Amino acid sequence: MEKPDNKTNENKTSLNFLEQIVENDIQSGKHGGKVLTRFPPEPNGYLHIGHAKSICLNFGLAKKYNGKTNLRFDDTNPTKESTEYVDAIREDVKWLGFQWQEPVWYASDYFDKLYEFAEYLIKKGKAFVCDMTAEEMSKGRGTPQIPGVESPWRNRSVEENLDLFKRMREGEFKDGEKVLRARIDMASPNMHMRDPVMYRIMHAHHHRTGNEWCIYPMYDWAHGQSDYIEGITHSICTLEFENHRPLYEWFLDNLDITENRPRQYEFARLNLTYTIMSKRKLLQLVDEKYVKGWNDPRMPTVSGLRRRGYTPASIRAFAEKVGVAKRENVIDVSLLEYCIKEDLNKNASRVMTVLNPVKLVIDNYPEGKTEQLPVKVNPEDPESCFKMVSFSRELYIEREDFMENPPKKFFRMAPGTEVRLKYAYVVRCDSVVKDYEGNITEIHCTYFPETKSGLPSDKKVKGTLHWVSISHSYEIEVRLYDRLFTEPEPENVSEDTDFKDFLNPDSLKVVTGYTEPVAIGLRPGKSLQFERLGYFVVDPDSNDEKMVYNRVVPLRDSWAKIEQKG
RNA sequence: UGACCGAUGGUGUAACGGUAGCACUACAGUUUUUGGAGCUGUCUGUCAAGGUUCGAAUCCUUGUCGGUCAACCA
């Protein structure tokens, strides 16, 4: 099973651009050949599959080059953050299979150090306290084409700045009354360099530092310095921070940091068809009850995927396959589905479940007789063990597996045709019973004892159906999930449509299924293949009275394609 | 009409001046007691125009298209 680790030959397979950078750095002896990356979520929401890509990238890169990865919460905005999110994020990262370098870090751990750094910049004349309102500042910033105007407070003395900054910290001023700004260049073509705000006043309770602080650092000010403090070598973020890099560098430069400087690199974030990745919009789906929570199995969140039945290995494989580059991309969700099917095909036990039952009576099978048929739990696994499946005179089969007037390529049951009941016998359909409305209520057939599974038989049939013995079956609730949106790019359909216009009304259908006893009593998270239907996973809503299964992903259905083509 | 970044099949991603490859999707064949899975094969691609070179997806120039940036968010 274990793959040999001597990839030396295969190692020539191409490196992504970040791996190339790291290898160059190691070769040139930068950072003493060490690699330390970080995953820096803001605890203001749940992680989604896009974060999972970043996690796999950061942890994977470090692991590949014998480095480590820090988990650091970027908790610089107390009004939006909470420990609920901290806990959920930690759980998700662990579940994905990654170990951070202990302990968990928080940007708030560095508030003191950051304050000292800020004083250092003030003393150098590189930062100043500004009394402009947010509105004034916005007006004065200019546009990308038009330079901004300098703040009237820009040339305060070092002493005055130091004093004011101290009083900001001591709580002398109200929210919004003053900010600390870097003193860079109001005419810079890069908007981020136009004297950006470093600290704002917020009299707010912080989930870790409580009421100790009433000034909080901005992202740009906190992030690079946090990287430096932790000794991060490669600070990897998404493309939208590319324009921030000059500022990241400026802070390091002006703090006179010359040794062990972290460097920021940017890659393109993940986008997936038929879903959305914006935290804000996902929150909207939750708040407005389009889904049942952050972990709704239709959500692209890590917790949603987990409940949907995706395994950590399948998500890691996906992250590997999507690659890493700098161009905008939209990954076809079928790749994600491929990854989970590949995993579960190898690892999920098979079970027969009927979701849309119609009664099948075998007229020549003795009433009251039951046979125990031995069945391999997973035919894909050569070491698979066997289970017993009960067979009797009255069964359920899928309504879709019978047609009274079948088209040419229909290989399933029809009057007069023969099909195999999987693991059991070949049967021939003789007649149907209908109710007064014409709905089929019973199908009657004859079985051929000599065709018992395992015996040599000359009878060849084109179709094999799954079934359950009615008296031996259990009722379960089955939640059939489908994609959340009807459009591949719900946010990009046109200027005057909203992503919510394209919510799929059929993204969830709940049905009652009939299944084998082995599918009962399994713990949440356990996945099975319902033969010929798809992969399903036990939902946490299951209890002693009722099992609930979620459909992870259906099996490929070539008949559906034939049928569609007509 | 600023700065920064990007452009390779339907979708992603390689090729680092020397045969455009891989994966997903789609399609076809094969196999099959899952119309699953597997196996084999097929289709479709270097944004454009110039230049450098024996040779350009790759280097240079110009253009085109796309993304990001004007929160006291991250």
Side-chain angles (χ1 to χ4, degrees), chain A residues 13-16 20 40-42 44 74-77 79-81 130 132-135 137-139 141-148 175-181 188-194 196-202 215-216 218-220 222-223 237-246 266 268 273 279-280 321-339 341-342 345-346 350 352 379-380 409-412 419-424 426 451 453-454 457 460-466 488 529-534 554-562:
Chain A
T13 55
S14 54
L15 302 173
N16 68 47
Q20 286 176 23
E42 184 189 12
N44 70 341
D74 223 333
D75 56 350
T76 57
N77 187 351
T79 61
K80 292 189 174 174
E81 298 152 5
C130 180
M132 291 169 91
T133 64
E135 201 181 333
M137 219 185 285
S138 171
K139 269 187 198 146
R141 191 165 359 248
T143 73
Q145 286 90 348
I146 303 165
D175 286 8
E177 213 175 311
K178 285 182 166 44
V179 291
L180 184 73
R181 289 225 255 171
S188 172
N190 182 338
M191 298 297 288
H192 299 290
M193 301 299 272
R194 318 249 261 226
V197 173
M198 294 168 64
Y199 278 97
R200 75 284 216 192
I201 298 171
M202 292 173 108
I215 57 171
Y216 290 94
M218 300 289 290
Y219 165 83
D220 286 302
H223 202 92
C237 60
T238 45
L239 247 30
E240 66 267 32
F241 292 100
E242 225 159 9
N243 290 344
H244 295 236
R245 189 168 3 111
E266 309 86 14
T273 55
K279 260 193 199 178
R280 206 194 83 242
K321 282 184 202 293
V322 297
V324 182
K326 295 194 71 162
R327 72 185 89 126
E328 295 292 327
N329 61 81
V330 185
I331 307 292
D332 198 323
V333 71
S334 65
L335 182 62
L336 215 211
E337 293 174 347
Y338 170 82
C339 291
K341 284 192 270 189
E342 190 185 35
N345 178 48
K346 266 182 266 159
R350 269 59 172 173
M352 292 197 289
E380 292 293 315
K409 286 183 179 167
F410 188 77
F411 299 153
R412 281 113 99 141
V419 294
R420 174 171 288 280
L421 295 174
K422 193 159 190 196
Y423 307 124
V426 173
T451 61
S453 189
S457 166
K460 292 280 178 238
V461 292
K462 276 188 171 168
T464 301
L465 309 187
H466 64 277
Q529 186 195 97
F530 290 175
E531 296 214 49
R532 302 211 300 137
L533 298 175
L555 251 26
R556 178 202 224 116
D557 188 349
S558 349
W559 166 242
K561 280 177 194 165
I562 295 167

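Within every chain, numbering begins at 1; the chains are lettered A, B, ... in the order of the sequence lines, protein sequences first and strands thereafter. Given the structure is predicted, the values throughout are model-derived calculations rather than measurements.
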Colleague: Which base sits across from B:A49 as a Watson-Crick or G-U pair, both distances under 3.5 Å?
Modeller: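 WC or wobble partner is B:U61.
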
Colleague: What is the glycosidic conformation of B:A71: syn, defined as within 90° of 0, or anti?
Modeller: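 It is syn.
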
Colleague: Measure the distance from CD1 on A:Ile215 to C1' on B:C72 and round it to the nearest whole Å.
Modeller: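 After rounding, the reported distance stands at 13 Å.
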
Colleague: In Watson-Crick or G-U wobble terms, both distances under 3.5 Å, what is the partner of B:C16?
Modeller: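 Answer to the pairing question: none, since B:C16 forms no Watson-Crick or G-U pair.
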
Colleague: Using a 4.0 Å heavy-atom cut-off, does A:Asn190 contact any base of the nucleic acid, only the sugar-phosphate backbone, or nothing at all?
Modeller: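 No contact.
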
Colleague: Tell me whether the side-chain N/O atoms of A:Thr76 come closer than 4.0 Å to OP1 or OP2 in B:A74.
Modeller: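 For B:A74, OP1/OP2 do have a side-chain N/O of A:Thr76 under 4.0 Å.
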
Colleague: State whether A:Gln20 places a side-chain N or O below 4.0 Å from either non-bridging phosphate oxygen (OP1 or OP2) of B:A15.
Modeller: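 A:Gln20 to B:A15 OP1/OP2: side-chain N or O found under 4.0 Å.
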
Colleague: Strictly below 4.0 Å, N to O, side chains only: are A:Glu42 and A:Lys80 in salt-bridge contact?
Modeller: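 Salt bridge absent between A:Glu42 and A:Lys80.
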
Colleague: B:A70, OP1 or OP2 - any side-chain N/O from A:Lys139 closer than 4.0 Å?
Modeller: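 Answer no for this pair, as no side-chain N or O of A:Lys139 is under 4.0 Å from OP1 or OP2.
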
Colleague: Counting only side-chain nitrogens and oxygens, does A:Lys460 get under 4.0 Å of the OP1 or OP2 atom of B:U33?
Modeller: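 For B:U33, OP1/OP2 do not have a side-chain N/O of A:Lys460 under 4.0 Å.
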
Colleague: Can you list the steps and then say if A:His192 with A:Asn243 is a side chain to side chain donor-acceptor pair (under 3.5 Å)?
Modeller: CA-CA 7 Å; A:His192 299 290; A:Asn243 290 344; 4.9 Å; no

Colleague: Return no unless some side-chain N or O of A:Arg412 is found under 4.0 Å from OP1 or OP2 of B:G35.
Modeller: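 It does not, given that no N or O in the side chain of A:Arg412 lies less than 4.0 Å from OP1 or OP2 of B:G35.
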
Colleague: OP1 or OP2 of B:U8 less than 4.0 angstrom from a side-chain nitrogen or oxygen of A:Arg327, does that happen here?
Modeller: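 For B:U8, OP1/OP2 do have a side-chain N/O of A:Arg327 under 4.0 Å.
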
Colleague: On the nucleotide B:C24, are OP1 or OP2 found under 4.0 Å from the side-chain N or O atoms that A:Tyr338 carries?
Modeller: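 Affirmative; the distance criterion is met.
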
Colleague: Nearest whole angstrom, please: distance from the P of B:U32 to the CZ of A:Arg556.
Modeller: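 Those two atoms, CZ and P, are 18 Å apart.
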
Colleague: Please confirm whether the shortest side-chain N or O distance from A:Arg200 to OP1 or OP2 of B:A74 is below 4.0 Å.
Modeller: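 Yes.
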
Colleague: Given the rule in the side chain to side chain donor-acceptor pair (under 3.5 Å) test, do A:Thr238 and A:Glu240 qualify, once you have shown the distances and angles that lead to the verdict?
Modeller: CA-CA 6 Å; A:Thr238 45; A:Glu240 66 267 32; 3.0 Å; yes

Colleague: Does A:Ser14 have a side-chain nitrogen or oxygen under 4.0 Å from the phosphate oxygens OP1 or OP2 of B:C22?
Modeller: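 No, because none of the side-chain N or O atoms of A:Ser14 sits under 4.0 Å from OP1 or OP2 of B:C22.
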
Colleague: Would you state whether a donor and an acceptor, one from the side chain of A:Ser453 and one from the base of B:U33, lie under 3.5 Å apart?
Modeller: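 Side chain to base: pair present.
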
